[in-house]
Amino acid sequence: GSGSLTSATVTLSAATAKAMAAKGQLLRVQTPLGTVLLPSQALSALAGQGGSTVAVTVTSAGDAVSVTFSCGYEAASLPGVIGFTAPASGNVVLRANAGVLTLVKKAVVKDGKLYACLSGSAQLQVETRSPAFDDTKSHWAKDAIAFTAARELFQGTSATAFSPDGAMTRSMVVTVLHRLEDLPAAASAASFADVPGGQWYSDAVAWASQSGIVQGTGDGFRPDDSVTREQLAKILYEYVGFLGLANGQRASLSGFSDQGKVSAWAGDAMQWAVAAGLINGKSGNLLDPGGYASRAEVSTILQRLITNVLIPTV
């Protein structure tokens with residue numbers, strides 16, 4: 001009934017979960033309250049805990065919804081990416097833990113459903129956040145800018161301005177990805193001579209470098225250089241690989257009149273970015289690989305990345 005607690009649990013044997021994991025299969029758990037997608041690495045972790053069964057429970061209570069994984073005991077953390085969808089309204093997803101709400105950056109609300117990447121059991125709720133910038137109200141990328149700003153990936157350049165057509169530096173790109181990963185710590189300081197400690201981007205560059213997401217330019221990291229479209233494709237390609245997600249898609253670049261301008265080191269990454277729908281051509285069938293990506297363009301590409309690449313289809 002209205003306001004009452006409603007719960008649905010799906011249980012399977014640990015042996016079945018282990019067999020599915022060994023084949024690299026996904027488990028889709030569908031309930032009236034939501035759908036959970038468990039990748040093989042998460043299935044393997046659950047099945048390997050010693051319990052005889054693996055259970056997935058989806059619970060709805062008012063404006064909150066939760067998903068719980070258990071294998072004889074509560075499994076608080078799982079490897080890999082778990083896709084979860086449930087009815088919701090709003091535009092951002094929050095995770096509740098002991099009364100504290102934290103933003104789930106890898107989450108979207110679309111067509112009355114919430115979709116989120118979870119690392120384990122979680123209680124979630126949805127709210128509406130509408131960042132307002134005076135200089136984006138009529139901009140072509142206003143929706144993408146609102147999307148990334150609401151997830152605290154981008155900040156305004158002032159209290160009321162976003163500067164959508166402003167340059168995006170290499171240090172800004174890795175800082176946004178660092179925020180998307182909830183600011184993980186690096187093992188040590190960045191090894192680039194031009195990235196001293198104590199800068200606003202130092203921790204992000206150190207993390208990205210040690211994670212294999214960036215390799216530098218051959219003469220340092222060049223943190224203040226504007227990022228090119230092919231550099232951005234390469235960084236995102238390595239980031240997706242770092243997450244353990246598939247980045248083997250390739251699209252032919254033969255339809256672009258300037259395909260020959262794509263650097264050899266960026267070829268696979270650019271083919272992947274086009275295949276994944278992250279980067280589109282410009283007028284005149286141009287990829288413009290050496291052109292600079294603006295804050296608006298990077299916001300748009302990140303919205304596509306989160307919506308179409310990072311969150312499993314559930």
Side-chain angles (χ1 to χ4, degrees), residues 1-128 151 244-245 306-314:
S2 177
S4 63
L5 187 69
T6 309
S7 184
T9 298
V10 174
T11 303
L12 72 158
S13 72
T16 299
K18 192 172 295 184
M20 291 182 69
K23 295 177 181 177
Q25 293 178 325
L26 298 170
L27 173 65
R28 184 188 300 269
V29 178
Q30 291 182 293
T31 80
L33 301 173
T35 300
V36 182
L37 188 70
L38 282 163
S40 57
Q41 61 266 49
L43 268 179
S44 179
L46 284 168
Q49 298 300 322
S52 60
T53 61
V54 169
V56 180
T57 301
V58 181
T59 306
S60 177
D63 62 352
V65 64
S66 66
V67 57
T68 304
F69 309 97
S70 61
C71 43
Y73 68 95
E74 175 70 9
S77 181
L78 298 171
V81 177
I82 298 107
F84 173 65
T85 178
S89 62
N91 69 346
V92 295
V93 178
L94 302 170
R95 186 170 186 161
N97 184 15
V100 178
L101 293 175
T102 56
L103 187 63
V104 182
K105 299 180 178 71
K106 296 177 186 177
V108 296
V109 183
K110 182 179 179 182
D111 301 329
K113 303 268 186 168
L114 75 84
Y115 300 82
C117 292
L118 304 174
S119 58
S121 303
Q123 183 179 20
L124 306 169
Q125 63 186 60
V126 176
E127 70 176 38
T128 299
R151 282 155 185 76
L245 300 176
I306 292 169
T307 304
N308 301 328
V309 177
L310 300 189
I311 299 177
T313 303
V314 295

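Keep in mind the model is a prediction, meaning the values are calculated, not measured.
Of all non-hydrogen atoms in M20 and L26, the two that sit nearest each other are CE-O, 3.4 Å. Looking at every heavy atom in both residues, V126 comes nearest to A88 through CG2-CB, 3.6 Å. Shown here for P312 and L37, the closest heavy-atom pair between the two residues is CB-CD2, 3.2 Å. In terms of heavy-atom proximity, Q125 sits nearest to L101 at NE2-CD1, 3.7 Å. Among all heavy-atom pairs drawn from A86 and L33, the shortest one is CB-O, 3.3 Å. Of all the heavy atoms in T9 and A55, the pair that sits closest is CG2-CB, 4.1 Å.
Taken to the nearest 0.5 Å, the CD atom of Q49 stands 9.5 Å off from the OG atom of S44. To the nearest 0.5 Å, atoms NZ (K110) and CD1 (I311) are separated by 10.0 Å. Note that CD of Q25 and CG of L38 are 13.0 Å apart. Values are rounded to the nearest 0.5 Å. Atom-to-atom distance recorded for L78:CG and L118:CG is 9.5 Å, nearest 0.5 angstrom. Interatomic distance, CG of L43 versus NZ of K18, reported as 12.0 Å (0.5 Å rounding).
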Could you please spell out the steps behind the side-chain contact (heavy atoms from CB on, under 4.5 Å) verdict for T11 and V54?
-> CA-CA 6 Å; T11 303; V54 169; over 6 Å; no
Decide side-chain contact (heavy atoms from CB on, under 4.5 Å) for Y115 and V109; before the verdict, give the C-alpha distance in whole Å, the side-chain angles of both, and the deciding distance to 0.1 Å.
-> CA-CA 6 Å; Y115 300 82; V109 183; over 6 Å; no
side-chain contact (heavy atoms from CB on, under 4.5 Å) between V58 and T35, worked out | CA-CA 8 Å; V58 181; T35 300; over 6 Å; no
Please step through side-chain contact (heavy atoms from CB on, under 4.5 Å) for the pair T57 and F69, ending with a clear verdict.
-> CA-CA 7 Å; T57 301; F69 309 97; over 6 Å; no
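For the residue pair T68 and S121, no side-chain donor N or O sits within less than 3.5 Å of a side-chain acceptor on the partner.
Counting heavy atoms from C-beta on, the side chains of L124 and L94 never come closer than 4.5 Å. No side-chain heavy atom of T128 sits under 4.5 Å from any side-chain heavy atom of V92. With a 4.5 Å cut-off on side-chain heavy atoms, C71 and T53 do not count as touching. Side chains of I82 and V36 form a contact here, defined as non-hydrogen atoms less than 4.5 Å apart. Looking at heavy atoms from C-beta onward, E127 lies out of side-chain contact with N91 at the 4.5 angstrom threshold.
A donor-acceptor contact shorter than 3.5 Å is absent between the side chain of T59 and the backbone of S7. Judged by distance alone, the side chain of R151 and the main-chain N or O of A107 form a donor-acceptor pair under 3.5 Å.
Checked options V29, L114, V93, V56; the residue passing with F84 is L114 (criterion: side chain to side chain contact (heavy atoms under 4.5 Å, CB included)).
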